[in-house]
**Student:** 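Below: one structure in C-alpha cells.
A note on names: the letters A, B, ... follow the listed sequences, proteins ahead of strands, and every chain is numbered from 1. Just the heavy atoms: all of them, side chains too, but no hydrogens, waters or symmetry mates, feed the values below.
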Amino acid sequence: MTESTPPTASDIDQIAQRKKKLEQIIALGHSPYPSKFEWTTTASTLLKEYSASTKEQLETQKIPVRLAGRLMTIRGHGKAAFAHLSDGAQRIQIYVRLDSVGEENFKLFQLLDVGDLIGASGYLFRTKTNELTVHVDQLTFLAKAMRPLPEKWHGLTDVEARYRQRYLDLIVNPEVRETFVRRSQIIRFIRDFFDARGYIEVETPMMQPLAGGALARPFVTHHNTLDMDLYLRIAPELYLKRLIVGGLNRVYEINRNFRNEGISTRHNPEFTMLEFYQAYSDYRELMDLTEELLRSVVREIVGGNIVEFDGQSISFEKFDRWTMRGAVVRFWRDSKSPPSVESLQTLEGLQAAAKSHNAAAAATSSPRVEAGPDSSPGQLLGALFEAVAEKELIQPTFIYEFPVELSPLSKRNAEHPAMVDRFELFIAGMEIANAFSELNDPADQKDRFEQQLRMREGGDEEAHQMDEDYIRALSYGMPPTAGEGIGIDRITMLLTNSKSIRDVILFPLMRPEKPAADS
RNA sequence: GGGCCGUUAGCUCAGGAGGUAGAGCAUCUGCCUUUUAAGCAGAGGGUCGCUGGUUCGAGUCCAGCACGGCUCACCA
C-alpha cells in the first residue's frame, strides 16, 4: 500500500513485469527516459476546439495533431487498440492500428501500460460512436510508470493515501485537480483586487526573533551562525505595521503562518493567510471592503451570489452585522429568556449568563462556557460568544465590539474603552477574517504587552510577547490604520465545498508512515 | 487528549454465530482492426496493520500498540 511497507509478491510481480517491458522497449531502440517531446497541442485544446466539428468535416480536413500525455486506459483489439491519453486535465481518445503506425511502433504500443507517458502524432477523426479521437500514425515513448495506477473506475479513495501520495490523487481524481486550480484562481483574484486598489504586495520575515501578531504557540528553530533561536511566524502583523510607519500606506502579504497547535478539519500547522493594512482608515471601512472582496471573489470564481457548502446555501449578497453581546442574546439557546445586552456588560451578569448557559448545555452535548473563577468580563464574554453563537453563524456575519483583554493590538473604542474597534467575520461557523483599527498609541501598546506578560507568567503560553522594537516603531508615529487577516484555506474550503482543510492543502502535515527507527 | 469507526491482493471492496481467504479492475498467456468500466478462454498474485492472549483451531473473539477518518476538547 505504501512505500514503507514491504512489497508483496503481487507488488513485485507488477513492477517486475513493467521493468521487463521497459527493457524490451529499450531493445526496440527507444531511449528509456528521453529529454523532451515537441508537441503542438493538448487534449484539452483539441476537445475544446473541435467539439463542434462533424465526422465529415474532420474527414476532409484531416487535421494533423501532435500531443503528449499519460495513458489512462487501454482497450486492445488484436491488431488495433483504443486508449485514452490525459494531459493532466482532460483525456482524449487515441486509436492505434498496426497498418497505420507500422510494425515497430505497434510493438512499442503492445509494451505500454496504463500510466505510461507517451507522445502521439496523427490526425483527428470521429469514431462510430462519434467520439473525437486521434488516429495515430506515430507513437513516441516518453517514460514508464513502474507502478500500477489505482483502479480506473473508483480511483484512489483511501483518504490517507490521497494525502500522502497527492500525485496519485491528482492523476486519478479529476475533482482534486479542480479544487487546486480553483485555489490558484482565488489567490490570483485577490492579488488583482488589492493591486487594483493601490496596495503593494510585500514579503516580511517568516523567521522571527519574537513570535508576535497573534495569540498562538510558535514553532522554534535555531540559526547556527548567529547562535540564536528563531520562531516561525504565527502572523506577519507587526512587520506589516512597521511598514505602515515607514510610509507604505497600503500593503498586503499572502503567505504561510505556522502555529504549533492542534490539527483538525479546520486547522493545519501551516496555513495561508492574507493580511492587509491601510493607513488613514478604520475597521468600519474594512467591513465594507471585506464584503466587496468576498462578494466579487464569489461572483468571479463560483458565479452568482450563492455558494453551496456542506449542504447549506450561503448567500454573499448581504452580510449580517452583530455586536458580540448582541450575538450572544440573538443566538441564546432558550429564545424565550435570553440575558439582556445590558446585563452582559457587568461581571455579575456575565457570570450569571455563563452559569445559566452551562446548566442548560449540561443536558445536551452543546459546548459549555469554559472560564475560571478569576476570568475577566472580557474573557467571559468571549467564551460565552464561542459557546452560544459561533457555530450558528452560517450566513456571512460580522461580529464586532470585542473586549480589550482579547485584543492586545487593537485600538480602544472611543466611547467604551473596555472594548476595541475590531470585528471577525464568520461563515459556515468558521472564523474567516479578523480585522481591527490598529492600536497606534505606543504607551497603551506597552501597557497591553505588559498585561500579556502577566498572563504569560500566569501560565498562558499563547499570551503575546513584549516587542520593544515594535513599541519603538509606533513611537515614531503610525497613522490611524486598519488591518485585516483572511484565512485563504478556509475561503478555499467554502468555494470548493471542501469540508476538511486537508482537501485544500496539497501536502497537509501527516505523521510519518512508519515511526522513526529508534536505536 | 477523550469517544466512535476503519486498516483483507497494486486499486475498490466482500468475508453470517471462530474451521486455514474471495470478487471486480489491474497483472500474465491465448484470441480479437471502431472500443470506451471493450469482450471471450485460461493462469498467477495475500505476513488479513503490528505484537501478544484465549482456543484443538483466529481475518473473525480479547488486550496493547501503530496509522488514518469523523467527532468532542484544545486552538481565534
**Student:** So if I take every side-chain heavy atom of A/E151 and compare against B/C11, B/A73, B/U33, which nucleotide ends up nearest?
**Tutor:**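 Among B/C11, B/A73, B/U33, the one nearest the side chain of A/E151 is B/C11.
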**Student:** When all nucleic acid strands are considered with a 4.0 Å heavy-atom cut-off, which category describes A/E424: base, sugar-phosphate, or nothing?
**Tutor:** base
**Student:** Please enumerate all residues that pass side-chain hydrogen bond (donor to acceptor under 3.5 Å, both in side chains) together with A/R166, with sequence neighbours excluded.
**Tutor:**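 Partners of A/R166 under the side-chain hydrogen bond (donor to acceptor under 3.5 Å, both in side chains) test: A/D169.
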**Student:** Which part of the nucleic acid, if any, lies within reach of A/L156 when heavy atoms closer than 4.0 Å are counted: base, sugar-phosphate only, or nothing?
**Tutor:**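 Since only primed, P, OP1 and OP2 atoms lie under 4.0 Å of A/L156, the category is sugar-phosphate.
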**Student:** Give a yes or no on whether A/Y231 atom OH has more than 12 heavy-atom contacts from other residues, nucleotides or ligands under 6.0 Å away.
**Tutor:** no
**Student:** Between A/R502 and B/G69, is there a contact of a side-chain N or O with OP1 or OP2 at under 4.0 Å?
**Tutor:** yes
**Student:** Which residue, A/Y163 or A/R490, contacts RNA chain B at a nucleotide closer to its 5' end, judged by nearest heavy atom?
**Tutor:** A/Y163
**Student:** When all nucleic acid strands are considered with a 4.0 Å heavy-atom cut-off, which category describes A/F106: base, sugar-phosphate, or nothing?
**Tutor:**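 No contact.
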**Student:** Using atom CZ of A/R164 as one end and atom C1' of B/G69 as the other, report the distance to the nearest whole Å.
**Tutor:** 12 Å
**Student:** Can you tell me, in whole Å, how much space there is between the C1' of B/C13 and that of B/G19?
**Tutor:**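 Those two atoms are separated by 24 Å.
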**Student:** So what does A/A216 hit on the nucleic acid, given a heavy-atom distance under 4.0 Å: a base, only sugar-phosphate, or nothing?
**Tutor:** sugar-phosphate
**Student:** Applying salt bridge (charged side-chain N to carboxylate O under 4.0 Å, His left out), which residue pairs with at least one partner in residues 124-138 of chain A are found, sequence neighbours left out?
**Tutor:** none
**Student:** Go through the N and O atoms of the side chain of A/E160 and the base of B/U7, and report whether any donor-acceptor pair is under 3.5 Å.
**Tutor:** no
**Student:** Using a cut-off of less than 4.0 Å, is there contact between a side-chain N or O of A/R75 and OP1 or OP2 of B/U35?
**Tutor:**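 No, outside the criterion.
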**Student:** For A/K499, enumerate each residue passing the side chain to side chain contact (heavy atoms under 4.5 Å, CB included) test, keeping only those at least two apart in sequence or located in another chain.
**Tutor:** A/D310, A/N497
**Student:** Heavy atoms, side chains only, cut-off 4.5 Å: are A/Q14 and A/R147 in contact?
**Tutor:** no
**Student:** Ignoring hydrogens and geometry beyond distance, is a side-chain donor-acceptor pair present between A/E438 and A/T481 at under 3.5 Å?
**Tutor:** no
**Student:** Of all residues at least two apart in sequence or in a different chain, which pass the salt bridge (charged side-chain N to carboxylate O under 4.0 Å, His left out) check with A/R217?
**Tutor:** A/E461
**Student:** Check side-chain hydrogen bond (donor to acceptor under 3.5 Å, both in side chains) between A/N268 and all other residues, then give those that pass, not counting sequence neighbours.
**Tutor:**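 Not a single residue meets the side-chain hydrogen bond (donor to acceptor under 3.5 Å, both in side chains) criterion with A/N268.
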**Student:** For A/R266, report the nucleic acid contact type (base, sugar-phosphate, nothing); a contact means any heavy atom under 4.0 Å.
**Tutor:** nothing
**Student:** Can you pull every protein N or O that's under 3.5 Å from an N or O on nucleotides 39-43 of chain B?
**Tutor:**
none

**Student:** Any heavy-atom pair between the side chains of A/R266 and A/I501 that's under 4.5 Å?
**Tutor:**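 Sidechains of A/R266 and A/I501: no contact.
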**Student:** Provide a list of protein-nucleic acid N or O atom pairs under 3.5 angstrom, restricted to nucleotides 27-30 of chain B.
**Tutor:**
{"unit_1": "B/C28", "atom_1": "OP1", "unit_2": "A/K21", "atom_2": "NZ", "d": "2.6"}

**Student:** Run the ring pair (Phe, Tyr, Trp, His ring centres under 6.0 Å) test against A/Y283 and tell me which residues pass, sequence neighbours left out.
**Tutor:**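 For A/Y283 there are no ring pair (Phe, Tyr, Trp, His ring centres under 6.0 Å) partners, ignoring immediate neighbours.
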**Student:** Taking the same atom, P, in B/A41 and in B/C4, what whole-Å distance lies between them?
**Tutor:** 48 Å
**Student:** Output all residues satisfying salt bridge (charged side-chain N to carboxylate O under 4.0 Å, His left out) with A/D460, sequence neighbours left out; order by chain, then residue number.
**Tutor:**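 Here no residue qualifies.
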**Student:** Scan A/R91 against the nucleic acid and name what it touches under 4.0 Å (heavy atoms): base, sugar-phosphate only, or nothing.
**Tutor:** nothing
**Student:** Quick one: is A/R97 getting a side-chain N or O under 4.0 Å of the B/U34 phosphate, OP1 or OP2?
**Tutor:**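 For A/R97, the contact criterion (side-chain N or O under 4.0 Å from OP1 or OP2 of B/U34) is not met.
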**Student:** Report all side-chain donor-acceptor pairs from residues 387-405 of chain A shorter than 3.5 Å, counting only partners two or more places apart or in another chain.
**Tutor:**
{"unit_1": "A/Q395", "atom_1": "OE1", "unit_2": "A/S315", "atom_2": "N", "d": "2.8"}
{"unit_1": "A/Q395", "atom_1": "NE2", "unit_2": "A/S313", "atom_2": "O", "d": "2.8"}
{"unit_1": "A/T397", "atom_1": "OG1", "unit_2": "A/Q395", "atom_2": "O", "d": "2.7"}
{"unit_1": "A/E405", "atom_1": "OE2", "unit_2": "A/S376", "atom_2": "OG", "d": "2.9"}
{"unit_1": "A/E405", "atom_1": "OE2", "unit_2": "A/G378", "atom_2": "N", "d": "3.0"}

**Student:** Output the rounded distance in Å from CG (A/D158) to P (B/G68).
**Tutor:**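 These atoms are roughly 12 Å apart.
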**Student:** Check if the side chain of A/H267 and the base of B/C75 share a donor-acceptor pair of N or O atoms closer than 3.5 Å.
**Tutor:**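 Yes, the side chain and the base share a sub-3.5 Å donor-acceptor pair.
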**Student:** So, using salt bridge (charged side-chain N to carboxylate O under 4.0 Å, His left out) as the criterion, who are the partners of A/R18 when residues are at least two apart?
**Tutor:**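 Result, salt bridge (charged side-chain N to carboxylate O under 4.0 Å, His left out) vs A/R18: none returned.
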**Student:** Just to confirm, is there a sub-4.0 Å distance from OP1 or OP2 of B/U71 to any side-chain nitrogen or oxygen of A/T265?
**Tutor:** yes
**Student:** Can you check the A/D460 CG to B/C74 C1' distance for me, whole Å?
**Tutor:** 13 Å
**Student:** Check this one for me: any side-chain N or O of A/T157 less than 4.0 Å away from OP1 or OP2 of B/C13?
**Tutor:**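 Yes.
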**Student:** Given pairs defined as Watson-Crick or G-U wobble with both distances under 3.5 Å, what dot-bracket annotation applies to RNA chain B, with ( ) intrastrand, [ ] crossing, | other strand and . unpaired?
**Tutor:** (((((((..((((.....[..)))).(((((.......))))).....(((((..]....))))))))))))....
**Student:** I want to check one thing: is the phosphate of B/A26, taken as OP1 and OP2, less than 4.0 Å away from some side-chain N or O of A/K152?
**Tutor:** yes
**Student:** Would you please confirm or rule out a distance under 4.0 Å between OP1 or OP2 of B/C67 and any side-chain N or O of A/R511?
**Tutor:**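 Checking A/R511 against B/C67: at least one side-chain N or O falls below 4.0 Å of OP1 or OP2.
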**Student:** Between A/L149 and A/G78, which residue's closest nucleotide on RNA chain B lies nearer the 5′ terminus?
**Tutor:** A/L149
